[in-house]
Amino acid sequence: MNMMLKKQFYENTATESKLPDADGIRQTVGEPFLENSRISCREIDVFYGQKAAINKVSLDIGSNEVIAMIGPSGCGKSTFLRCLNRMNDTIDSCRVTGSILLDGEDINRTDVDVVLLRARVGMVFQKPNPFPKSIWENVAYGPKIHGLAPKKNDLDEIVETSLRRAGLWDEVKDRLDELGIGLSGGQQQRLCIARTIAVSPEVILMDEPCSALDPIATAKIEDLISGLREKFTIIIVTHSMQQASRISQRTAYFHLGNLVEVSTTRQLFTNPRHQLTEDYITGRFG
Amino acid sequence: MMTFCGSGIKVPRKPVEKVIRCLLAACAFVAVLTTVGIVLSVVFEALHFFHKVPLSDFVLGLKWSPQTAIRVDQVGSSGAFGAVPVFAGTLMIAMIAMLVSVPLGLMSAIFLSEYATRRFRAVVKPLLEILAGIPTVVYGFFAALTVAPMLRGLGRFLGLDIASESALVAGLVMGVMIIPFISSIADDVINAVPQSLREGSYGLGATHSETIRKVVLPAALPGIVSGILLAVSRAVGETMIVVMAAGLSANLTANPLEAVTTVTVQIVTLLVGDQEFDSAKTLAAFALGLLLFIVTLILNIVALQIVKKYREQYD
Amino acid sequence: MTEKKKYNLHSVTDRVHSGLSRRYRAEKCFRRFGVCAIGLSLFFLVILFADIMHKGLPAFLQTQIKLAVFFDPELLPLENLETADFNALLKSSCRALFPGVKGRRSKKSLYKLVSDGAAYELRKQVLRNHKLIGTTQDLWLIADDELDMLMKGNIARNPTGRFNQQQLYWIEKLEQDGRLRRRFNLTFFTSGDSRDPELSGILGALSGTVLTLLITLMFSFPIGIGAAIYLEEFLKKGRFSDFLEVNINNLAAVPSIIFGLLGLGIFINFFGLPRSAPLVGGLVLTLMTLPTIIISSRAAIKAVPPSIREAALGLGASPVQVVFHHVLPLALPGMLTGTIIGMARALGETAPLLMIGMVAFIVDIPKSFNSAATVLPVQIYLWADSPERAFTERTSAAIIVLLVFLVLMNASAVYLRRKFERRW
């Protein structure tokens with residue numbers, strides 16, 4: 001009996017996640033499409049086994065912009081992010097449909113080389129995850145495996161530039177041989193950013209990079225992101241609306257696997273067009 | 001009628017509880033007694049032995065032929081209790097076993113935990129573990145009666161002279177026995193490496209094998225090393241395979257195709273059969289036992305300590 | 001700066017691209033290594049089993065030879081049947097098969113076809129049934145082990161080998177007359193060790209094993225569980241508990257032969273218990289399996305959620321009551337599983353038993369915990385040392401029996417675990 005009830009409950013919630021479809025939320029309001037887009041996603045669906053995690057998301061991302069993804073937890077923003085460098089491939093039950101064009105090439109096709117793709121689209125994760133190696137080794141890891149720098153000098157150069165860009169050089173230049181794990185949380189996360197930019201990607205994905213950090217470390221990383229914008233396109237998932245408003249030009253709001261609204265950051269936070277967005281940014285839920 | 005202090009409720013009787021607790025404590029104490037028993041039984045006899053044969057002769061001597069020293073007066077002069085060839089043989093066989101089991105066990109664990117489908121793993125893992133459940137006497141039989149003639153034949157074909165009790169045979173079969181031991185420990189530690197490290201590596205565009213070789217294995221290294229230490233301790237203490245497949249006479253040689261003997265083989269040959277309890281020959285077995293106990297104890301303690309540290313790192 | 005420019009000159013994509021095929025080759029290679037490692041390990045397993053099955057299965061059949069035995073009243077005086085010369089009876093029956101055989105050497109080689117044990121069989125039959133005397137009976141008797149090997153194809157049928165021309169002729173004749181057959185080898189399961197392979201069996205070793213394991217179970221199960229309960233439920237965490245923990249973990253990894261030395265030094269030399277006895281063997285194996293049982297029992301106790309203890313304590317139960325009424329019943333399946341696995345290990349253990357002298361040649365089937373006995377793995381070790389080809393076969397057969405027991409024990413452990421596996 002108990003089991004039956006439970007099952008029914010899950011089925012109800014499952015259908016519930018599809019309900020907004022019928023209400024017409026699926027149509028994203030705002031400006032999801034751009035003229036000169038770097039990445040353009042069309043009708044992306046993601047399934048975990050039978051369960052749909054993302055419904056028909058279509059979105060363009062421009063060059064050298066910082067776009068923030070916000071929304072309540074479990075809304076699919078991280079899942080969407082992971083589609084952009086095919087990190088979802090590492091999850092067995094996960095299935096992604098739709099097209100994702102990066103510079104005009106569909107990266108969601110099975111014949112696309114994920115290694116190459118991930119060299120072009122780097123990723124920074126929620127929890128800082130430096131490898132159990134020295135700081136130098138951590139940053140040099142990417143260039144080494146990709147064969148970007150044949151000589152040790154070149155590698156040193158790359159490590160230094162990347163650490164400088166990540167604003168970590170002055171703090172660690174004297175102890176490049178120490179373990180990356182020995183750094184503080186904020187430094188670890190900047191190390192991970194340095195590690196990512198060492199490969200010179202075109203796009204950087206950031207999955208709540210500051211959620212595990214204290215406010216001071218967070219501020220440093222936010223400064224860093226604003227600076228990185230000159231060279232990279234940055235897509236950042238965040239649970240903090242303040243952070244989104246501080247660092248991004250455009251913001252996308254996700255709700256239960258649907259992309260509800262995409263606008264310029266100022267527009268979205270001052271004058272949301274969708275009721276759900278308004279409810280969320282005014283703190284009625286989330 | 002029920003009252004709280006009346007006879008309705010059975011109040012636990014203190015003395016009985018105390019007796020039970022003491023009994024349980026006594027059970028736990030058996031473990032301590034066992035250790036004490038091992039130390040006592042081995043140390044006393046070993047000390048007796050070192051009265052007759054100086055420790056330096058035992059540890060540094062190059063000649064081991066205990067059978068000749070039956071009479072007590074013969075012992076001191078003959079110097080037949082130099083254990084170096086015995087240690088060397090033990091080490092050589094253990095090393096061959098490691099050369100077989102470490103690569104095979106490690107690669108099996110890597111494949112099972114990183115590449116294999118769930119179904120494949122569910123079938124193959126228990127199959128590998130069967131290897132660990134087979135009694136060592138069976139391996140010994142297999143080594144002596146199947147592998148040894150096979151290798152001899154192969155050697156003759158290649159123009160090599162392989163002794164029928166060569167170190168190679170015992171080491172090879174012992175290695176097979178240890179494969180599941182290594183693979184199950186490696187499997188555990190590889191699974192304990194956080195997924196976030198793998199994702200970090202994939203996110204930079206590393207291939208699967210690059211991630212394993214350059215991120216997962218270095219991260220799992222302490223655990224793997226301690227697993228290997230435990231495996232070495234097991235190889236050194238393994239008895240039946242070497243008793244049945246390795247040699248009896250102590251040769252000091254670096255050639256794995258020749259017959260060598262091991263500590264455990266010597267203990268068995270010295271103690272099986274009728275014995276005078278006070279002869280140096282019998283006591284020598286206990287000295288070897290003491291040595292074996294100390295070596296394996298150190299290996300185990302170091303390995304367990306590394307594992308503990310490693311667990312703390314990722315908890 | 002020029003360095004940096006050079007680095008930017010080629011696009012990163014191109015550089016990555018140029019290395020890709022090499023990296024994918026490395027990937028494939030690495031994967032193949034893994035497959036090979038597993039393949040090789042499984043190959044060893046298959047070879048091991050195939051080899052033992054191939055060698056051992058024939059031992060479950062035994063060659064018998066049909067003799068027309070005339071129970072000659074002259075040879076079998078009724079008044080002292082017990083001491084009658086049954087060997088002579090057997091020999092005369094053999095001669096009756098081939099009446100033309102003359103000369104001592106020829107006769108001797110003829111007798112060699114039948115096992116020495118056949119005389120005992122005749123004696124048994126006559127003692128059971130006196131009416132046989134004076135009659136002629138067609139009896140199937142155990143053939144000699146060499147003939148058995150020949151029939152199974154393990155010895156070549158040419159006169160240069162174990163058999164001479166004459167013997168080979170007789171064997172052919174016997175086959176033509178239908179006087180040779182292969183039947184289930186009951187002897188193997190009903191008799192103890194023997195110098196003659198065709199008369200040897202594993203019953204002695206099996207009963208030794210049963211006696212030894214009974215002792216082991218009797219001691220290790222209660223002590224192991226008691227120790228686990230004490231460590232988990234009553235001992236305060238601290239230096240002493242750490243010490244106990246390290247102690248137990250180390251004992252679990254001490255080589256088994258050291259436990260043999262302990263048994264020899266303490267049980268036999270100090271306490272003066274009898275050598276070669278299942279009692280001492282059982283005690284040594286108890287100490288050896290205890291760590292296994294303690295460790296798995298502790299895991300089983302740990303798996304019982306604290307909420308159950310708190311609930312019982314909240315109802316006013318004493319700690320001892322909580323343990324014996326609530327924790328123990330819930331943890332028992334896990335403890336049993338651990339015990340079975342520990343016993344399976346003890347069943348296959350050989351080395352420590354060699355130390356305490358359970359390695360003697362014992363014909364009688366042990367009846368008590370104090371009588372000299374051997375166990376199945378030691379029997380395997382002893383037979384493996386024997387030069388006769390027939391013993392190799394029997395060794396493999398004994399291994400098969402041992403493995404069957406191990407499989408049964410492990411399967412029951414797995415079954416228990418599956419059945420009582422609980423997720424809280």
Side-chain angles (χ1 to χ4, degrees), chain B residues 12 17 20-21 23-25 27-28 30-32 34-35 37-38 41-42 45 103-104 107-108 110-111 115 124 127-128 130-131 133 135-138 140-142 144-146 176 179 205 207-210 230 233 237 239-240 244 264 267-268 271-272 277 286 289 292-293 296-297 300-301 304, chain C residues 16 23-24 26-27 30-31 33-35 37-38 40-42 44-45 48 51-52 223 226-227 229-231 234-235 244 247-251 253-258 261-262 264-266 269 287 290-291 294 318 320-321 344 348 350-351 354-355 359 377 380-381 384 392 395 399 402 406 410:
Chain B
E17 298 235 327
I20 290 175
R21 266 172 193 247
L23 275 178
L24 293 178
C27 290
V30 170
V32 182
T34 309
T35 310
I38 288 176
S41 62
V42 178
E45 312 295 347
L104 287 182
M107 283 311 289
S108 301
I110 288 171
F111 188 84
Y115 286 105
V124 170
L127 279 181
L128 279 186
I130 291 179
L131 279 176
T136 53
V137 67
V138 178
F141 174 72
F142 181 63
L145 275 97
T146 305
V176 172
I179 289 174
T207 63
H208 205 152
S209 65
E210 283 162 355
L230 284 176
S233 129
T239 310
M240 289 322 290
M244 294 168 83
T264 47
I267 295 177
V268 170
L271 286 185
V272 168
F277 211 75
F286 284 90
L292 182 64
F293 179 65
T296 52
L297 189 73
N300 294 336
I301 288 180
L304 291 174
Chain C
V16 175
R23 290 168 66 192
Y24 280 131
E27 169 76 30
F30 189 75
R31 217 188 135 99
F33 269 139
V35 175
I38 290 187
L40 256 177
S41 311
L42 292 183
F44 283 129
L45 184 70
L48 179 68
D51 180 53
I52 285 169
I223 294 179
I229 291 174
Y230 183 73
L231 288 172
F234 295 111
L235 189 63
L244 273 180
N247 194 347
I248 289 169
N249 282 338
N250 276 323
L251 275 184
V254 166
S256 58
I257 193 170
I258 301 278
L261 290 181
L262 165 79
L264 180 60
I266 302 280
N269 286 338
L287 297 183
L290 258 186
I294 294 177
S318 75
V320 171
Q321 282 176 328
T350 320
L354 297 186
M355 296 289 92
V359 62
I380 290 169
Y381 165 66
T392 309
T395 316
I399 287 175
L402 180 65
L406 281 176
N410 282 304

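Every value quoted in this text rests on a predicted model; they were computed, and no experiment measured them. In what follows, chains are A, B, ... by sequence order, proteins preceding strands, each numbered from 1.
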Of the non-hydrogen atoms in [X] and [Y], which two are nearest, and what is the gap between them?
X: C/I258; Y: C/V254; answer: CB-CG1, 3.6 Å
X: C/Y230; Y: B/L24; answer: CB-O, 3.6 Å
X: B/V268; Y: C/M355; answer: CA-CE, 3.6 Å
X: B/F142; Y: C/D51; answer: CD1-OD2, 3.5 Å
X: C/Q321; Y: B/E17; answer: N-OE2, 4.1 Å
X: B/S41; Y: B/F286; answer: O-CD2, 3.6 Å

Interchain contact, [X] with chain B, by part (heavy-atom threshold 4.5 Å):
X: C/L251; result: side chain
X: C/I399; result: side chain
X: C/I248; result: side chain
X: C/L244; result: side chain

Which atoms of [X] approach chain C - backbone, side chain, both or neither, heavy atom under 4.5 Å:
X: B/A144; value: neither
X: B/I267; value: both
X: B/I20; value: side chain
X: B/I38; value: both
X: B/V32; value: both
X: B/I179; value: side chain
X: B/V176; value: side chain
X: B/T296; value: side chain

When heavy-atom pairs shorter than 4.5 Å are enumerated against chain C, which of [options] gives the highest number?
options: B/T239, B/L128, B/V137; result: B/V137
options: B/L23, B/I110, B/L292; result: B/L292
options: B/I301, B/L230, B/T146; result: B/T146
options: B/P103, B/G237, B/G289, B/P135; result: B/P135

Inset, instruction - Output the distance between atom CZ (C/R23) and atom OG1 (B/T207), rounded to the nearest 0.5 Å. - result: 5.5 Å
Which one wins on heavy-atom pair count under 4.5 Å against chain B: [options]?
options: C/V35, C/V16, C/I294; answer: C/V35
options: C/A384, C/A344, C/A253, C/S256; answer: C/A253
options: C/N410, C/L48, C/I229, C/L406; answer: C/L48
options: C/L402, C/L261, C/L40; answer: C/L261
options: C/L290, C/I380, C/L287; answer: C/L287
options: C/P377, C/A351, C/A37, C/P291; answer: C/A37

With a 4.5 Å cut-off on side-chain heavy atoms, are [Y] and [X] touching?
X: C/F44; Y: B/L104; answer: yes
X: C/F30; Y: B/M107; answer: yes
X: B/L304; Y: C/N250; answer: yes

Inset, instruction - Please say whether more than 12 non-hydrogen atoms of neighbouring residues, nucleotides or ligands are located less than 6.0 Å from CZ in C/F33. - result: no
Legend entry - Set of side-chain hydrogen bond (donor to acceptor under 3.5 Å, both in side chains) partners for B/T136, sequence neighbours left out: none
Legend entry - salt bridge (charged side-chain N to carboxylate O under 4.0 Å, His left out) against C/R31, all qualifying residues, sequence neighbours excluded: none
